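Notes follow the structure.
Small disclaimer: the values here were computed from a predicted structure and weren't measured. So you know, we letter chains A, B, ... as the sequences are listed, proteins then strands, and number each from 1.
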Amino acid sequence: MSDYILELNNITKNFPGVKALDNANFKLKRKSIHALLGENGAGKSTLIKIITGVYNQNEGKLFLNNQEKSFSSPNAAINAGISVVHQERNLIRRFSVGENLMLTNLPKNNLGLIDYNTVAKESKKWLNIMELDIDPNTIVSDLTVAKMQLCEIAKALSLESKILLLDEPTSSLSPQDTKNLFALLKRLVAEQDVSIVFVSHKLEEVFEICDEVTVLRDGKNACESEQITNLNRQKLVKLMIGRDEQIIKSKKDVNFTDENLLNLQSINTDLGHKNINLNLKKGEILGLYGLVGAGRTELIKCVLGLDKINSGQILLNNKEIKIKSPKDALEKYKIGYISEDRKKEGLILMHDVLSNAGITVWSNLKKILSFLNDSIVHNKVDPYVKQLEVKTPSYQQIVSNLSGGNQQKISVAKWLASGTDILFIDEPTVGIDIKTKSYLHELIIELSLKGTSIILITSDMPEMISLADRIITMKDFKVVGETINNHNYEEMSSSIMGNIHE
Amino acid sequence: MNNKIPNFVKTNQFGLLILVIVFICIFSFSTDGFTSRFNIYALSRVVALDIMIGLAMMVVILTGGLNLSLGALGVSAAMFGGWCMESMGIPISITIILVLAFGSFLGWINGFVTVRTGVHSFIVTLATMSIYFGFMTLLTEAEAFRKLPEAFTDFGSLKLFNKYISPLLIISVLTCFVLYYIFKYTDIGRKLIAAGANPDAAELSGISVDRMFIYCHMLSGFLAALAGIMLTARIGAAIPSMAGHLGFDWLLPAFLAPVLGGTLLSGGKVTVFGTMLGAILVTLINNGLYLIDVGEFWVRFFLGIILLGAVLLDRAREYFTVKNSIVS
Amino acid sequence: MSALLKKDWFGLGLVLIFGSILISLFKPAFISPFNLYVLMLSVSLMLVVAMSQMIIIAIGQMNLSVGAIGGLVAISFTGLMEVYSMSILPAVLIGLLIGLACGFINGYITVKTGISAFIITLATLYIFKGMNLGITEAQPFYEIPEAVKFFGNAKIFGPIPYLVIIPIIITVLMWILMNRTSLGRYMLAYGNNVQSSELIGISSTKIVIYAHVISGLLAAIGGMLVVCRLQLGTPNIGDSWLLPSFAAPVIGGAILAGGKVDVIATAFGVILVSIISQALVIFKIDPFFVQIFLGFMILLAVFINRYREYREERRTKVFSDE
Amino acid sequence: GHGVTKVALVPGGPHPYFAAWEQAGLDAVQDFGLGKADYRVPAEWDLSQQNELIESLVGQGYNAVLVFPGDAVGTNKILGELDDAGIPTAALAGCVEQPTQAKFCFGTDTGHSAYLGTKELIKALGGKGKIAHFTGFLVDPNTTLRINAVEQAVSEAGGGVEIIQVIADIDAYEPADEKINAFMAAQGSEVDGIVTTAWVPAVVAAQALTNMGDKRIKMVGIDHDEVVLKAIKDGYVHGTMLQNPYGQGYIGSYVMDKVRQGCEFKADAPWKSTAQTDQFIDSGTVFVDISDVDTYVMAMRGISLEILETFDSTYLNCPS
Ligand SMILES: Nc1ncnc2c1ncn2[C@@H]1O[C@H](COP(=O)(O)OP(=O)(O)OP(=O)(O)O)[C@@H](O)[C@H]1O
Ligand SMILES: Nc1ncnc2c1ncn2[C@@H]1O[C@H](COP(=O)(O)OP(=O)(O)OP(=O)(O)O)[C@@H](O)[C@H]1O
Ligand SMILES: [Mg+2]
Ligand SMILES: [Mg+2]
């Protein structure tokens with residue numbers, strides 16, 4: 001019997017217009033945590049989906065415990081003892097947390113009817129294991145993104161499978177949640193003989209918990225089951241992107257003036273924000289840090305007129321303004337917002353790349369009688385799409401067929417094209433590979449150097465510290481602290497965490 | 001990308017076009033009368049109306065909604081036109097403008113109520129269908145307007161192109177081109193589509209989705225009113241029952257054309273020429289079935305079978321083209 | 001209490017209670033036994049039809065052919081008894097079988113081709129209705145056994161008609177199905193999010209076919225109940241079902257994009273629609289005003305019930321992505 | 001000298017009322033030597049469907065069309081176009097409104113029939129009482145005629161009779177059942193008589209009275225649905241206004257053939273006038289109650305033969 005619980009040999013997968021996997025190999029050792037890495041669109045999720053019966057490979061073989069298998073449906077994979085957390089959220093939003101956790105195996109009473117008491121009890125058990133303090137009867141749509149992600153992991157655990165596939169499980173988790181999760185994963189491997197595949201763009205995490213690494217580049221193996229101990233960050237990055245990583249430059253010369261551009265004065269909102277005071281200076285990158293659920297996104301949405309502001313003022317250039325809608329914000333005040341939820345709010349998934357990238361500039365580009373054609377839009381957005389190296393067969397590709405990271409690039413590109421004065425950027429690098437991440441960082445800095453004022457929301461502390469000029473910390477819908485960033489990681493992070501935990 | 005097959009071939013429109021041609025061949029060979037001048041002329045008028053009705057529904061389907069009040073709205077507008085011409089003696093051209101404005105206004109009501117109350121357009125238009133039709137019946141006391149200007153009614157029976165084609169068809173085809181232009185080549189058209197496809201994302205990208213939805217409903221009202229005028233011209237009178245009780249008779253063609261044409265019911269995608277071809281296909285089949293003697297009572301049955309066959313064939317075509325575009 | 005407030009049927013229940021009290025204050029005849037009997041009859045029939053649509057709404061689709069199935073079964077049921085002198089039970093069974101077959105056809109084609117159910121059932125609407133007309137040539141069947149007539153018109157006790165028995169059983173079963181069985185929960189999950197539920201391992205084929213089969217069966221039952229009630233099998237049965245079949249679940253808070261239906265609220269929706277149309281008769285509304293009133297009442301009812309969900313509902317689409 | 005006559009008999013949609021036309025057409029072919037007299041039914045009750053069918057019939061070589069107008073006004077246009085194309089048409093069973101190019105209307109004066117029915121009802125009520133009127137779609141111009149006719153009959157009865165409610169738009173069984181029963185529940189004890197002027201309400205109201213076992217309320221229905229006839233026999237319905245669909249189809253086909261052979265209508269033909277047309281020939285409207293419900297078919301046949309025998313001499317000038 002070989003060491004490998006799962007083996008994929010020479011897997012090829014074709015999509016219309018794209019070869020997602022090209023003779024890729026993957027071997028998962030028993031009782032190991034195996035990192036599956038690669039740039040956006042490298043084929044990681046596709047591989048996971050082939051293992052779990054979502055797609056069928058065009059060529060190649062899959063062995064489970066040395067036996068050749070092919071799963072015709074997700075159910076077949078589940079029954080074979082493989083559980084998975086997909087990159088996309090797959091909870092049923094209108095169902096309770098408990099029911100979602102138990103959905104594959106709803107407990108029945110002797111009449112054959114679902115026993116909701118047991119559902120609650122059983123699911124509570126798994127929530128506890130995850131150290132999640134959620135009432136199992138909570139409806140999923142009431143949860144924050146992070147809680148949903150944790151629930152999804154709890155759900156995968158509840159199947160008690162021997163193989164656990166995690167596709168970017170930590171993308172919206174806070175450092176603390178991530179730490180807890182890793183402790184749990186290590187315990188699972190040690191105590192219950194579970195083997196884990198771990199996909200992530202955060203290399204620190206990979207070095208923290210993984211034993212072996214497989215890297216994909218353009219659907220091919222850049223390396224196969226390499227011991228983590230043989231690798232370091234540079235080597236890994238080089239495997240992934242084919243060249244050395246560029247170190248993010250932090251923005252050295254602070255060129256913003258003391259002039260206040262945007263001012264929020266004692267804002268109270270329907271959603272519960274209390275007495276929020278904020279000022280954004282011209283050319284500044286103002287960081288808005290907080291643990292997930294601190295109310296940052298919602299504050300921005302209130303500013304954009306999507307939710308009600310009960311009292312307080314918004315000043316632009318010291319003149320009071322009333323923003324009624326994002327349209328107002330964009331067209332009257334040149335304020336834009338890059339959403340954290342690209343699927344729901346950032347992109348029109350069923351439309352092609354061109355119309356997604358161009359949506360914010362249509363109004364500006366239109367000619368007489370509102371005339372507009374593809375080439376006008378193309379000329380405008382092309383530089384930005386090129387700059388971000390969006391990997392797409394053409395501008396006519398439907399966005400939902402792009403990999404997650406490339407989708408994110410497009411939702412950024414459209415705001416770059418719009419040329420706003422003020423940009424709210426919400427979690428810009430969730431699910432973005434390191435190469436693009438550094439591009440994005442450069443871009444944000446470049447933007448601010450060119451005079452765009454930016455409010456940056458991110459839960460990625462290193463990112464925050466390398467980019468922001470000044471960091472405001474929020475907690476429970478209130479501002480709890482403000483720090484000038486000196487780009488010293490140790491100092492800044494302890495000061496920020498100090499604000500939060502005081 | 002694969003270049004062996006031209007892009008047009010991959011579209012639903014192409015599939016429809018083939019079907020239309022196939023059915024034309026079948027019917028011309030298997031029936032006498034199909035290609036007669038009278039029949040083609042008659043077909044052109046029916047098609048004209050079905051296209052217009054289909055387009056009126058299509059622009060609301062674009063928002064992910066429905067307009068059940070389409071028929072009631074069209075008839076109300078037509079009756080309003082009849083009243084303008086017969087009772088008020090308003091000249092034809094001004095009447096047409098008034099009717100279109102009136103239709104747009106009723107559409108605006110649909111849109112406004114939908115957007116402002118948050119009640120679904122399905123329910124809103126179900127209710128306004130009842131309300132528009134009720135007011136129309138009440139105000140007209142179910143009386144028709146028959147003394148319309150001759151220039152107007154003559155237009156409905158005008159025969160062009162060697163007496164083969166009704167001018168109504170030309171209006172519909174022109175409307176198709178205008179709509180195609182709007183959706184493809186204007187800022188506003190793109191915004192309508194974006195708002196329909198993902199309202200949240202569109203809103204956050206600086207599009208006023210509410211306004212776009214209202215525009216869609218107004219456009220629907222406009223097109224329905226245009227259909228109403230065309231029908232009035234065709235039957236030479238404005239009649240309360242010309243679209244059946246509550247305007248129901250328009251609903252099936254209204255759905256059939258865009259749906260066959262490939263318009264996505266979930267919104268965010270329009271196919272103007274698909275809708276046109278869809279309307280042509282349905283009218284052809286209907287006409288052909290009357291000509292081939294299947295027995296009138298079975299006409300509906302065969303229409304259903306053929307419709308089903310048509311969508312299945314189209315699906316097969318799609319499957320085939322997708323398979324062919326896979327890189328290997 | 002706050003849990004109660006969240007229920008879809010709560011607002012509707014209040015509207016129903018206050019509405020009924022208001023109507024009976026003005027017109028005491030409203031709560032006369034005979035009127036209650038009539039009300040129960042019309043509610044019974046529509047209840048089955050609404051459930052037949054509701055289950056399809058649950059999976060995020062539409063069934064335009066409910067009426068056509070009901071009509072086809074109604075005339076087959078009576079035709080078998082009249083032309084082939086079949087006795088009631090086998091006729092009922094064959095009727096159910098036809099409903100099942102029609103539903104299966106709808107479900108099977110929908111799920112196997114991936115074409116929207118709206119289109120498939122639009123086509124089968126023509127097919128089923130066409131068979132109906134082709135068979136009957138628009139002639140009704142009249143020879144109905146006495147037992148069937150009795151069932152349609154006798155009362156159990158007081159104002160309670162026999163006819164309510166089956167719809168009540170169906171409603172209870174539907175409640176259990178949608179709330180206490182995995183099949184029902186999977187249907188809702190599927191309606192919520194097709195991709196997710198497929199990833200979870202829920203079989204689309206099974207869900208869609210089951211939902212359509214149940215819908216077909218319910219439509220068949222509806223058709224036969226109408227026969228009991230009308231005491232004749234006319235080819236027109238089912239023609240007027242389509243809009244009410246949607247109106248009741250939607251008034252009851254169902255989201256047409258799928259994943260959210262409420263059996264009790266749907267039942268209340270049926271009652272509400274019946275009361276409104278009855279009130280229009282009781283108050284002797286001038287026939288020329290009836291349509292206008294009806295429109296405003298429906299809008300009002302939905303508006304009151306929906307106001308709470310204003311935000312969530314604002315941009316829900318009729319159809320989920322295909 | 002105009003070739004064989006091929007008549008199409010086109011009802012407004014699938015409906016049992018017209019079923020007799022089929023046999024009538026076949027018999028006419030036998031008896032009068034027509035080329036064809038076919039019963040062709042539009043797939044739906046829908047004016048444009050009917051128009052489409054008629055248009056396609058021309059393509060199939062029919063050269064005379066008898067049509068139940070899908071709309072009393074709207075059907076005129078197509079009849080005009082047929083006439084222009086040299087195809088004679090006539091309205092059958094119901095009339096189109098003038099001006100029209102239909103040669104004549106052969107059928108029932110819908111308004112007058114409602115008027116007579118109401119008169120019969122009032123007679124049965126002994127000249128006083130409260131009555132209700134159930135009728136079809138409001139947008140059908142015939143409905144307005146019927147409502148007015150019932151009102152006229154009531155007003156002529158002096159002050160003794162009162163219309164307490166009109167229920168319209170109930171041409172489908174389920175809504176009719178719901179509304180008529182709701183009416184019975186609310187007004188059942190008050191109302192003395194019911195007049196129905198459309199097929200479906202007549203069936204449903206007859207059924208409702210039968211179910212209730214109520215013989216106090218007098219009802220006059222319309223047409224010959226079995227439910228109505230049986231209720232008359234059982235004493236729950238006072239009577240019904242019958243028309244003569246077989247005669248319409250039979251004689252209609254005959255006349256179309258004559259017209260195609262070049263016969264002209266006499267200038268002084270004794271046309272009757274209705275609210276819609278003044279070129280009306282009554283195909284026979286009779287009131288049937290329990291006394292003659294079993295024999296009405298014979299009576300109808302008598303009427304038909306009588307019309308047929310005198311038709312040429314009364315209405316036509318034929319080339320010899
Ligand atoms: N359903 C699909 N249809 C067409 N192309 C697809 C489909 N799914 C994935 N692709 C393409 O296959 C390639 C691999 O995508 P995949 O999602 O596996 O990338 P990934 O490695 O998971 O990237 P990310 O880190 O961004 O999640 C991409 O080019 C993507 O556009
Ligand atoms: N008092 C509250 N009322 C309503 N929702 C709350 C409340 N407290 C927390 N939430 C939840 O927290 C979320 C607010 O988090 P928001 O997205 O604004 O946080 P954030 O700081 O932007 O975090 P991130 O963007 O990292 O997710 C809401 O989605 C809501 O579900
Ligand atoms: Mg991925
Ligand atoms: Mg956020």
Review point. Taking D:R40 for the side chain and B:Y290 for the main chain, is one N or O donor matched with an acceptor at less than 3.5 Å?
Key: yes

**Study point:** Pair D:E81 + B:R45, salt bridge at N-O below 4.0 Å
**Key:** yes

Please report the interatomic distance [atom1]([X]) to [atom2]([Y]), rounded to the nearest 0.5 Å.
X      : Y      : atom1 : atom2 : answer
D:E44  : B:L252 : CD    : CG    : 6.5 Å
B:S241 : D:D71  : OG    : CG    : 3.5 Å
B:R234 : D:K77  : CZ    : NZ    : 9.5 Å

Review point. D:N76 versus chain B, heavy atoms under 4.5 Å apart: side chain, backbone, both or neither?
Key: neither

Review point. In terms of heavy-atom proximity below 4.5 Å to chain B, should D:L82 be classed as side chain, backbone, both, or neither?
Key: side chain

Review point. Top residue by heavy-atom pair count (under 4.5 Å) with chain D, among B:T35, B:V46, B:L246, B:N39?
Key: B:V46

Check your understanding: If you tally heavy-atom pairs under 4.5 Å against chain D, which of B:N286, B:L43, B:N287 wins?
Key -> B:N286

Practice item. Please look at B:I239 and chain D and tell me whether the side chain, the backbone, both or neither of the residue comes under 4.5 angstrom of a heavy atom of that chain. Key: side chain

Check your understanding: Where does B:F133 contact chain D at under 4.5 Å (heavy atoms): side chain, backbone, both or neither?
Key -> side chain

Practice item. Count the heavy-atom pairs under 4.5 Å between each of D:T75, D:L47, D:D46 and chain B, then report the option with the highest count. Key: D:D46

Exercise for review: Among D:N51, D:L138, D:D38, D:L53, single out the residue with the greatest number of heavy-atom pairs under 4.5 Å to chain B.
Suggested key: D:L53

Check your understanding: So D:F137 and B:H245, would you call those rings parallel, tilted or perpendicular, with 30° and 60° as cut-offs?
Key -> parallel

Check your understanding: What residues of residues 54-61 of chain D sit under 4.5 Å from chain B when only non-hydrogen atoms are counted?
Key -> D:E55, D:S56, D:V58, D:G59, D:Q60

**Study point:** Contact residues of residues 140-153 of chain B (partner chain D; heavy-atom separation under 4.5 angstrom)
**Key:** B:E141, B:A142, B:A144, B:R146, B:T153

